[in-house]
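Have a look at the structure below, then the notes.
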Amino acid sequence: MPKEGITTRAQDYAQWYLDIVEKADMADYSPVRGCMVIKPLGYALWENIQRELDRRIKETGHQNAYFPLFIPMSFLTKEAEHVEGFAPEVAIVTKGGGEDLAEPLVVRPTSEAIIGHSFARWVHSWRDLPLLINQWANVVRWEMRTRPFLRTTEFLWQEGHTVHATEAEAEEETLKILHEVYADFVEKEMALPVLRGRKTDREKFAGALRTYAIEAMMQDGRALQAGTSHNLGQNFAKAFDIKYTTADNREEYGWTTSWGVSTRLIGALIMAHSDDEGLIAPPRLAPVQVVIVPIYRSDAERALVMEAVDRLTREWSGRFRLKVDDRPQLTPGFKYNEWEVKGVPLRVEVGPRDVTQGTAAVARRDVPGKAGKAFVPQAGLADHLAALLEEIQRSLYERALRFREEHTREVSSYDELKEAIETGFARAYWDGSDADEGLIQHETRATIRVIPLEQPEKAGRCVLTGRETTQQVIFARAY
RNA sequence: CGGGGUGUGGCGCAGUCCGGUAGCGCACUCGGUUUGGGACCGAGUGGUCGCCAGUUCGAAUCUGGCCACCCCGACCA
């Protein structure tokens, strides 16, 4: 049954997304344009995302630290490409304590500059390297057009910043983050398959040597950049004077990297898995994994049912993130709908009939309606639920992967490319220039999302120029 | 920054053309009956109609100005 107040995906995908955010109660608008209030459900998702990412970031040897919100204006201008890229979208503080500041302060749009300054003070010797730091922070970018989670003026993220002795080590770090932290997290925890690849020069980070990214496909066939990892070369080391002395007493600039993912991931999670009924949260990140709805008429039945619920859940302690919805005066049907909109993966119903029969009704969020509901024995219920949560996690991933495969076409002509990007990704041989890419963007609104790391063995002809090349790229419209 | 739209109880809207005591649905509060797919009945609370100025005996409604937000595009995690 379509839920009240949720536009269907078929009607208007963009409006559907906004409706899900609102009806699932994940975020609210704020008095400041483009800024968003993250409500408890949205924030609980973020906390779970943080926990899993933070674990991977630490397992790969990084430590958390925190750097200031304000950056002296002059710092931002030290790296030429960097300032050019970010200047149009920074917020600037010119007054403090009622006085004009001697130097305006930029509210960080990203922290390469302020962290670069610190790193220059921290790094002296080859023994100080590699320096592997991460911070969880908010940043501000004055965007023209905003959308909850996908693009907001202020957003939350993590940004890793590292310094290495050699170019090869910096490159290794950049790719390690891409694979072992970002792709691993998004595929395993978010149940969302990603394409891994390099960005073209047009799309790379301002000031980077090379940018790598993971790209995911949303249910409307558009691409969403889920994370980026930059090899900054020596650009920032030179701008901020990050130098070290080698083992044979030579002075060298360090090689730096930076990488980040943001609350945008919540937007990706919503758009990739949810349906016209509401949010579908992947079990591994769902703030509530199992909701129990007790059903009763009289006080006597209530006592009976609640006793069974208490007995069951006592045995589950710690196994699930669990919610017992014993709110009085609300009908079971109302509760089913509410938890469906909020994306809880499993619902367990326990009523008088179940108490007598030793059963419970279990409903899967990812399989709507009767098809996803079954009466199962109370004995062994916890194991059954645990298995179902894993099954849902796997099923969501496979569904998203199948969708991406069905909406990805190999194209060999510009006409085919134009057609393919209407519904999904276009994989094409490419030997064009930056200007050619700009032309295609102008004509089709599609851009090269990634140059996939996995490339074909044999050569083909560039979709635009017709020149022979071995390089394939992915074109798509992006969020 | 261009284009479109909207500002009226917490939310969604009607009323504006044609000026005359601000209304509906949901939500909320209280009482009762209900509860296996969004319960029902009854009684209530709540709004200087985005802001400023003007016209008028009288403005949500007419005139002028301003502001804000949303949606669609170009720029971007």
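If you're wondering where the values come from, they're calculated on a predicted model, not measured in any experiment. So you know, we letter chains A, B, ... as the sequences are listed, proteins then strands, and number each from 1. When reading the values below, keep in mind they use all heavy atoms of this one structure, side chains included, and skip hydrogens, waters and symmetry mates.
In this structure, a donor-acceptor pair under 3.5 Å is present between the side chains of A:T200 and A:E437.
For A:H230 and A:F205, the distance between ring centers is under 6.0 angstrom. In summary, the aromatic rings of A:W136 and A:Y66 are positioned with their centroids too far apart to meet the 6.0 Å limit.
Rounding to whole angstrom units, CD of residue A:E277 and P of B:rG37 are separated by 16 Å. To the nearest angstrom, C1' of B:rG38 lies 13 Å from NZ of A:K335. To the nearest angstrom, C1' of B:rG37 lies 13 Å from CZ of A:R353. Summarising the geometry, the separation between CZ on A:R365 and C1' on B:rG37 is reported as 14 Å, rounded to the nearest angstrom. One can place NZ of A:K370 at 10 Å from P of B:rG37, the figure rounded to the nearest angstrom. The interatomic distance linking A:E338 (CD) with B:rA39 (P) rounds to 12 Å, in whole Å.
When the P atom is compared between B:rG46 and B:rG73, the two are found 44 Å apart, to the nearest whole Å. Taking the C1' atom of each, B:rC18 and B:rG3 are spaced 32 Å apart, rounded to whole Å. One C1' atom belongs to B:rU48, the other to B:rA22, and the distance between them is 12 Å to the nearest Å. Atom name P, nucleotides B:rU63 and B:rG25: the rounded distance is 31 Å, in whole Å. As rounded to the nearest Å, B:rC52 and B:rC67 have P atoms that lie 15 Å from one another. Atom C1' of B:rC40 sits at a distance of 25 Å from the matching atom of B:rC13, rounded to the whole Å. Here, B:rC66 and B:rU29 have their C1' atoms 39 Å apart, quoted to the whole Å. Here the separation of B:rU6 from B:rC51, taken at their C1' atoms, is 16 Å to the nearest Å.
Side-chain N or O atoms of A:H82 include none that pairs as donor or acceptor with a backbone N or O of A:A208 at under 3.5 Å. Within the 3.5 Å criterion, the main-chain N or O of A:E81 finds a donor-acceptor partner in the side chain of A:E79.
For A:R302, the side-chain contact (heavy atoms from CB on, under 4.5 Å) criterion is met by A:Y296, A:M306, not counting sequence neighbours. For the salt bridge (charged side-chain N to carboxylate O under 4.0 Å, His left out) test, no residue two or more places apart in sequence or in another chain qualifies with A:E159.
Taking a pair as Watson-Crick or G-U with both hydrogen-bonding distances under 3.5 Å, the stems of three or more pairs touching RNA chain B are B:1-7 with B:67-73, B:10-13 with B:23-26, B:28-33 with B:39-44, B:50-54 with B:62-66.
Judged by the 6.0 Å distance and 45° axis criteria, A:R347 is positioned over the aromatic ring of A:Y336. Seen from the ring of A:F185, A:K188 does not count as a face-on cation partner, given the 6.0 Å and 45° thresholds.
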Using a cut-off of under 3.5 Å, enumerate the N/O to N/O pairs linking the protein to nucleotides 4-10 of chain B.
none

Pairwise N/O distances under 3.5 Å, protein to nucleotides 31-35 of chain B:
| from | atom 1 | to | atom 2 | distance (Å) |
| --- | --- | --- | --- | --- |
| B:rU35 | OP1 | A:R297 | NH1 | 2.9 |
| B:rU35 | O2' | A:Y296 | O | 3.1 |
| B:rU35 | O2 | A:L330 | O | 3.3 |

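Under the salt bridge (Lys or Arg N to Asp or Glu O under 4.0 Å) test applied with A:E215, the options A:R222, A:R196, A:R449 reduce to a single match, A:R449.
In this structure, A:G260 reaches neither bases nor backbone, as no heavy-atom distance under 4.0 Å exists between it and the strands shown.
The aromatic rings of A:F155 and A:W157 lie perpendicular to each other, with more than 60° between the two planes, well past the 30° mark. Using cut-offs of 30° and 60° for the angle between ring planes, the A:H62 and A:W259 rings count as perpendicular. The aromatic rings of A:F236 and A:F240 sit parallel to each other, their planes meeting at less than 30°, with 60° as the upper class boundary.
For B:rG38, its base never sits under 3.5 Å from the side chain of A:E340 at any donor and acceptor pair.
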Discussion item. For a quick check, with a 4.0 angstrom heavy-atom cut-off, what is the B/S/- contact string for nucleotides 70-77 of chain B, read 5' to 3'?
Written reply: SSSBBSBB
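Nearest heavy atom pair, residue A:P282 against residue A:L396, reads CA-CD1, 3.7 Å. In terms of heavy atoms, A:M26 sits closest to A:I20 at CE-O, 3.8 Å.
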